[in-house]
Amino acid sequence: MLFRSAKYQCILCLDADVFPTDADFLKRYADAMGQARVVCGGLAYRSGNELNVNRLRFKYGITHEVLTLKQRQDYPYKSFKSSNYLIDSKLAHQIRFDETFVNYGHEDTLFGEKLQLAAVPILHIENPVYHDDTDTAEQFLEKTRCGIENLKAHADELRGYSQLLQTYSKLQKLHLAGFVAFKFSLLHRVLERNLLGNKPSMWMFGFYKLGYLCSLG
């Protein structure tokens, strides 16, 4: 709807819970406008988790979402995030976000895949926004489960673009997905206690996501 309402050459897309890290944010995007049809600026978190609302979200963000410029440049399409990017308005109408994603999660993963399949170059620059997420840990965990359900529903399209799906596929080939689902059924409450606590383990979070995916069958 917002894309249809846009009138000018480029569209700057930002999530509602992000904020530029400095005053030159718009200038950097303006300088990059003519260099590529899609420009991504990256993500950051405020030092020391100033909002201090969700330790799980903060820890996951700084360990998995905050990527260096080189890391994003090495994997430009898999690193695409819809939280902070500039796009040519004509391209935005040609390559649309998939509106069958009615729930939270992974619509930007599929959009990055569409850009790659259409051979649209992505320019990654150093122009991050702070992710000021105010969800509680419980809300983030619920969103995580919802995102995994979306991932499962669109597995055929996203298989080569999700490490979680790739791991799940390997387990299926080894006939181990059912075993992992069984272990998850026994351990998920223990895992949740850790993830909702003061020192969430990223290893446990990874197993939680994989176990939940396996449990979906």
Side-chain angles (χ1 to χ4, degrees), residues 13-18 43 45 49 51-67 77-84 97-114 130-217:
C13 301
L14 300 172
D15 276 358
D17 58 359
V18 304
L43 196 65
Y45 281 80
N49 189 14
L51 295 179
N52 199 29
V53 173
N54 183 341
R55 289 179 174 85
L56 173 62
R57 186 70 186 88
F58 176 70
K59 192 170 182 179
Y60 178 78
I62 61 174
T63 55
H64 290 85
E65 294 181 335
V66 178
L67 304 176
Y77 299 99
K78 289 186 178 181
S79 300
F80 174 82
K81 294 289 184 187
S82 59
S83 51
N84 175 25
F97 275 89
D98 190 332
E99 293 187 19
T100 64
F101 280 71
V102 294
N103 295 314
Y104 170 88
H106 292 287
E107 60 274 12
D108 51 355
T109 307
L110 183 56
F111 192 76
E113 179 183 1
K114 286 183 175 182
Y130 288 127
H131 187 197
D132 290 338
D133 193 325
T134 57
D135 284 345
T136 65
E138 290 85 353
Q139 288 170 329
F140 177 59
L141 213 53
E142 174 59 31
K143 283 185 174 181
T144 298
R145 291 190 292 268
C146 186
I148 293 169
E149 290 164 12
N150 250 3
L151 193 64
K152 176 71 173 177
H154 296 82
D156 290 341
E157 303 130 289
L158 297 174
R159 200 170 303 280
Y161 288 79
S162 165
Q163 184 64 48
L164 186 60
L165 271 181
Q166 289 175 336
T167 303
Y168 173 64
S169 295
K170 290 177 182 177
L171 289 174
Q172 281 186 310
K173 290 176 182 177
L174 295 170
H175 304 288
L176 292 173
F179 175 74
V180 173
F182 173 68
K183 285 291 187 182
F184 178 75
S185 70
L186 298 177
L187 297 172
H188 74 277
R189 296 197 184 282
V190 174
L191 295 170
E192 287 175 1
R193 278 200 297 272
N194 171 268
L195 298 175
L196 299 177
N198 292 330
K199 295 181 179 180
S201 163
M202 290 299 97
W203 184 90
M204 287 188 178
F205 189 44
F207 181 77
Y208 185 91
K209 292 194 294 181
L210 181 61
Y212 188 72
L213 178 57
C214 289
S215 74
L216 296 176

Worksheet entry | Ring-ring centroid check Phe207 Phe184, cutoff 6.0 Å |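 No; Phe184 has its ring centre 6.0 Å or more from that of Phe207.
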Fill in: Pair Glu142 + Arg145, salt bridge at N-O below 4.0 Å
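Judged by the 4.0 Å cut-off on N to carboxylate O distance, Glu142 and Arg145 do form a salt bridge.
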Worksheet item: Is any side-chain N of the basic residue among Asp135 and Arg57 closer than 4.0 Å to the acidic one's carboxylate O?
Response: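 Result for this pair is no, no salt bridge flagged.
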Answer yes or no: is there a side-chain heavy-atom contact under 4.5 Å between [X] and [Y]?
X      : Y      : result
Glu138 : Glu192 : no
Leu171 : Leu210 : yes
Arg193 : Val190 : yes
Tyr45  : Glu65  : yes
Asn198 : Arg55  : yes

Contact summary for [X] and [Y], nearest pair of heavy atoms:
X      : Y      : value
Ser79  : Leu67  : OG-CD1, 3.9 Å
Cys214 : Ala177 : CB-O, 3.5 Å
Ser162 : Leu151 : OG-CD2, 3.6 Å
Tyr168 : Gly217 : OH-O, 3.0 Å

Worksheet entry | Reference residue Ser201; test side chain to side chain contact (heavy atoms under 4.5 Å, CB included); the match among Asn194, Leu195, Leu56 |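 That would be Asn194; it is the only one of Asn194, Leu195, Leu56 passing the side chain to side chain contact (heavy atoms under 4.5 Å, CB included) with Ser201.
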Partners meeting side-chain contact (heavy atoms from CB on, under 4.5 Å) with [X] (sequence neighbours left out):
X      : value
Leu14  : Leu12, Val18, Phe25, Asn84, Val129
Phe179 : Lys183
Lys209 : Tyr60, Thr144, Ile148, Leu164, Phe205

Worksheet item: Quick one: OH on Tyr212 to CG on Leu141, what's the gap to the nearest 0.5 Å?
Response: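 That separation rounds to 10.0 Å.
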